[in-house]
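Throughout, protein chains are lettered first and strands after them, A, B, ... in sequence-line order, and every chain is numbered starting at 1. Quick note: numbers below take in every heavy atom, side chains included, and nothing from hydrogens, waters or symmetry partners.
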2 protein chains.
Amino acid sequence: MSQRRIPLSRRERPAKPPLSRAGLVAVALRTMQEEGLERVTMRRLASELDTGPASLYVYVRNTAELHGAMLDELLADLGRHGEPSADTWRSELIDLLWAYTVLLFGYPSLARSVLMLRPSGPHYLRLIDTILGLLHAGGVPVRQAAWGVDILLQLATATAAEHGSRHEAVTATGEEEELAAVVREASPSTYPNIHRTRDELLSGTGEQRGRWAFGSIIDGMRAS
Amino acid sequence: MSQRRIPLSRRERPAKPPLSRAGLVAVALRTMQEEGLERVTMRRLASELDTGPASLYVYVRNTAELHGAMLDELLADLGRHGEPSADTWRSELIDLLWAYTVLLFGYPSLARSVLMLRPSGPHYLRLIDTILGLLHAGGVPVRQAAWGVDILLQLATATAAEHGSRHEAVTATGEEEELAAVVREASPSTYPNIHRTRDELLSGTGEQRGRWAFGSIIDGMRAS
DNA sequence: ACCTGAACACCGTTCAAGT
DNA sequence: ACCTGAACACCGTTCAAGT
């Protein structure tokens, strides 16, 4: 008769695991993969976890921190490199940076968010460490390497952020095409250099431009 | 007796100028300068202009486009360069890029927003054209110049975006310091390269690192 | 064409009060 | 310590209906 009133959620949902930071991040990641980062809101996550939004703030300080944790989890799959070789370090590094970029291509909105973060999760640190190791193997001086790793990662993230895709249209209506049109029609008298350069401004695939950028930044780091 | 009912706003506010895109952008810019981009919302702008939010969509497609227009307006003050010199083009270019960066330092949130845009306003095109002219004067091949201008501007914008300042705390609680702490304490066995490099990872002022980055990207563009 | 109020469909975060 | 419902203080954008 005095049966305790079990909350509705407990009776209906088969197994509500206890909340944890890892569990929160996992649900956030799954929601992002299925519906895009736009749908990963605190309220949405809370209802997914059968609780109120306030409960999530026990595990993350705010949305930005959640995004940082999601990135780090994603980076676990990026894999660790073996011993860096003094012969192939340059192309190994470009491959690694490109792999990171491609990984983020799948989540351009997350890339956009990460661009405003200073990630410091263990997998991100692992990535930094590996890049520094490759630069070291290539004989790049320590200061240049240290300052350069920031630029390389930032460029990679920004490249992914601009990529855009699928159900993640924040920027929405292609201003990419708008710029292209404006470049194509740039008047030789007003914008002589854009006019002169217009074909190359629009040339190349994303991968060509991306790999070239990484390579030439690396070369620039060695030079100065 | 049949005095037409004049809307309250007309009676109270001395002069309500007719809406225009330029006027909208001007009010948006002023609001940003006084209270930060966070307060520049469609609703806020509308009430500033004595109208409803829906009216603004006659002049801009969405918030992103408004931000693009604000950036372009800001860039009007960046000034046009004279004839680029074959001797001093490199330092002229670094100065120009640094000036653009410093300009955006005042509005880090706008920089963050611009990072996800492909600006195509007249002043932004002017900036691209000037950069291309300087690279041309320096003998940088046309493809490298065309592909490089993107990287340089993106890096400049990203640098400003990360700067953060005053009443524009989106990122809020310094994850900058968090990364610094984690780098300082990186264990030599888990992160040998971070440990080895830790002093240089945290060295240098923003200006030193920024100018170095521009310079070494420019050098890398020439090399490859 | 331009303008509008109201509505639609949401947000992040904090608070006081539980357990 | 952890968890919660409710509240605070907002959002961007669209719609149908004006002028």
Arg143(A) meets the salt bridge (charged side-chain N to carboxylate O under 4.0 Å, His left out) criterion, sequence neighbours left out, with Glu200(B)
Could you tell me how far apart Leu19(A) (CG) and dT4(D) (P) are, to the nearest whole angstrom? 7 Å
Quick one: which residue pairs count as a side chain to side chain donor-acceptor pair (under 3.5 Å) with a foot in residues 22-31 of chain B, not counting sequence neighbours? none
Under the salt bridge (charged side-chain N to carboxylate O under 4.0 Å, His left out) test, residues paired with Asp95(A) that sit two or more places apart: Arg211(A)
Could you state the interatomic distance from OH (Tyr100(A)) to OG1 (Thr130(A)), rounded to the nearest 0.5 Å? 13.0 Å
In whole angstrom, give the distance that lies between atom CZ of Arg39(A) and atom C1' of dC11(C). 12 Å
Taking atom C1' in both dT13(C) and dC3(D), what distance in whole Å separates the two? 16 Å
dC10(C) C1' sits how many Å from Leu45(A) CG, rounded? 16 Å
Distance col, row Ile151(A):CD1 vs Ile151(B):CD1, nearest 0.5 angstrom, shows 10.5 Å
Tabulate protein N/O versus nucleotide N/O from nucleotides 12-16 of chain D, keeping only pairs under 3.5 Å, one per line.
residue	atom	partner	partner atom	Å
dG12(D)	OP1	Met42(B)	N	3.4
dG12(D)	OP2	Met42(B)	N	3.2
dG12(D)	N7	Arg43(B)	NE	3.1
dG12(D)	N7	Arg43(B)	NH2	3.3
dG12(D)	O6	Arg43(B)	NH2	2.1
dT13(D)	OP2	Tyr57(B)	OH	2.8
dT13(D)	OP2	Thr63(B)	N	3.2
dT13(D)	OP2	Thr63(B)	OG1	3.1
dT13(D)	O5'	Tyr57(B)	OH	3.3

Could you measure the distance from the OG1 atom of Thr157(A) to the CG atom of Leu115(B)? Nearest 0.5 Å is fine. 10.0 Å
Can Arg39(A) and Glu34(A) be counted as an ion pair, charged N to O under 4.0 angstrom? no
Rounding to the closest angstrom, what is the interatomic distance between dC10(D) and dA9(C) at atom P? 23 Å
Output all residues satisfying salt bridge (charged side-chain N to carboxylate O under 4.0 Å, His left out) with Arg21(B), sequence neighbours left out; order by chain, then residue number. Glu65(B)
Nearest-Å distance for atom pair OH/P, residues Tyr59(B) and dA1(C): 13 Å
Rounded distance in Å - CG (Leu37(B)) to P (dC11(D)): 12 Å
Whole angstrom value for the distance that separates P of dC3(D) from CZ of Arg21(A): 15 Å
Mind listing the closest non-hydrogen atom pair of Thr197(A) and Ala146(B) along with its distance? CG2-CB, 3.4 Å
Indicate whether OP1 or OP2 belonging to dT4(C) is found under 4.0 Å from a side-chain N or O atom of Thr51(B). yes
Pair assignment for DNA chain D - dot-bracket with | for other-strand partners, Watson-Crick or G-U under 3.5 Å: ||.|||||...|||||.||
